[in-house]
Number of protein chains: 2
Amino acid sequence: MGLAKTEIFTDQQNEISQYAKVFGHPARVAILQHLFKTDSCVCGDLVTEIGLAQPTISQHLKELKYLGLIKGNVEGTSVCYCINTENWIKMKEIMSKFLDQDIPKDKDCC
Amino acid sequence: MGLAKTEIFTDQQNEISQYAKVFGHPARVAILQHLFKTDSCVCGDLVTEIGLAQPTISQHLKELKYLGLIKGNVEGTSVCYCINTENWIKMKEIMSKFLDQDIPKDKDCC
DNA sequence: AACATTTATTGTAATATTGCAATGATATAA
DNA sequence: TTATATCATTGCAATATTACAATAAATGTT
């Protein structure tokens, strides 16, 4: 079907998977890493840096922005993007809760 | 195209996105959470617990197994699944390195 | 052996994702 | 105003993902 049955899962599970999904493409990982690494977070720089067409980068930026992980600021003809620190921390808390689950040592059945 | 251009990204970026992608569906998040929570990691239990058809669960389990995050053990007619602790820790290290990047405070351009 | 139980696989339909050319929108420069 | 530069949007083709019915495979039971 290509369509996840989100209604049968908890909000938490859907939230985790939504964040994970946006990290599920190397271009978006690369964009975020570049935004962390440098000031020059202008869209055009990302196009050059990453090597995908401008509309493709723009689309990936849109998804990152939709989830609130980045902010965009118009500066003349160009747009400056950067990490949304507050939301990044929120996301990290949610993801950490999932990733840092206690591993049951004695319960190993395999 | 529906096809990510993995060749233009680093191995690290591809690895991160591959792990993220597998977490990018609530069913797989739910499966993992259930495996963390309980002993009874038999496939049939997951089908009941989660509420998707058996082939669908089986398919999700296959993907989790392919990335090495879970192990499967045949026990009679049923199969017992559990977290692959060693690989889970490895994954966590890789994901943490990405999620815990330092946030540049003074570099805020937005 | 014949049957039952459990899980994996195959095939298929519906939807989503990715990538980009073409085009729009917006702001600056000449 | 006209041109230029930068980014967003639209439309489309190719591929991927999701879900499940039907079926196969494997093991246990009678």
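A note on names: the letters A, B, ... follow the listed sequences, proteins ahead of strands, and every chain is numbered from 1. Predicted, not measured: the structure shown is a model, and the values here were computed from it.
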Quiz item: In terms of side-chain heavy atoms of A/Gln54, which of C/dG19, D/dT27, D/dC7 is nearest?
Solution: D/dC7
Exercise. Answer with base, sugar-phosphate or nothing: what part of the nucleic acid does B/Ser78 contact at a heavy-atom distance below 4.0 Å?
Key: sugar-phosphate
Quiz item: Just to confirm, is there a sub-4.0 Å distance from OP1 or OP2 of D/dT17 to any side-chain nitrogen or oxygen of B/His60?
Solution: no
Quiz item: Do the side chains of A/Val29 and B/Ile8 join up, straight or via other hydrophobic residues, at under 4.5 Å, putting them in one cluster?
Solution: yes
Quiz item: In terms of the angle between their ring planes, are B/His60 and B/His25 parallel, tilted or perpendicular, with boundaries placed at 30° and 60°?
Solution: tilted
Exercise. Ignoring backbone atoms, test whether A/His25 places a side-chain nitrogen or oxygen under 4.0 Å from the OP1 or OP2 oxygen of C/dG19.
Key: yes
Practice problem: To the nearest Å, give me how far apart CG (B/Asn73) and C1' (D/dA26) are. | Solution: 15 Å
Quiz prompt | Value in whole Å for how far the P atom of C/dA13 lies from CD of B/Gln59 | solution = 16 Å
Quiz item: OP1 or OP2 of D/dA8 less than 4.0 angstrom from a side-chain nitrogen or oxygen of A/Tyr81, does that happen here?
Solution: yes
Quiz prompt | Pairwise 5' ranking along DNA chain D for A/Lys62 and A/Leu3, keeping only the more 5' one | solution = A/Lys62
Quiz prompt | Earlier contact from the 5' end, DNA chain C, for B/Thr6 and B/Val79 | solution = B/Val79
Practice problem: With DNA chain D as reference, determine whether A/Ser58 or A/Lys21 sits nearer its 5' end, using the nearest nucleotide of each. | Solution: A/Ser58
Self-check item: Closest to side chain of A/Pro55, choosing from C/dG19, D/dT9, D/dC20
Solution: D/dT9
Quiz prompt | Distance, rounded to the nearest Å, where B/Glu7 contributes CD and C/dG19 contributes C1' | solution = 12 Å
Quiz item: Are the side chain of A/Trp88 and the backbone N or O of A/Ile70 linked by a donor-acceptor pair below 3.5 Å?
Solution: no
Quiz item: So which nucleotide from C/dA27, D/dT27, D/dC7 ends up closest to the side chain of A/Thr77?
Solution: C/dA27
Quiz item: Nearest-Å distance, NZ (B/Lys65) to C1' (C/dT7)?
Solution: 11 Å
Exercise. Measure the distance from CD on B/Gln18 to C1' on D/dT17 and round it to the nearest whole Å.
Key: 15 Å
Quiz item: With a 4.0 Å cut-off on heavy atoms, is B/Ile57 in touch with a base, just the backbone sugar-phosphate, or nothing at all?
Solution: nothing
Quiz prompt | Hydrophobic cluster membership, A/Ile89 vs A/Val22, 4.5 Å side-chain cutoff | solution = yes
Practice problem: Measure the distance from CZ on B/Phe23 to P on D/dT17 and round it to the nearest whole Å. | Solution: 16 Å
Quiz item: Whole Å only: how far is the CD1 atom of B/Ile8 from the C1' atom of C/dG19?
Solution: 10 Å
Quiz prompt | Phosphate OP1/OP2 of C/dC20: any A/Thr56 side-chain N/O under 4.0 Å | solution = yes
Practice problem: Quickly work out the B/Leu61 CG to C/dA8 P distance and round it to whole Å. | Solution: 7 Å
Practice problem: Identify, with sequence neighbours excluded, every residue that meets salt bridge (charged side-chain N to carboxylate O under 4.0 Å, His left out) alongside B/Lys92. | Solution: A/Asp100
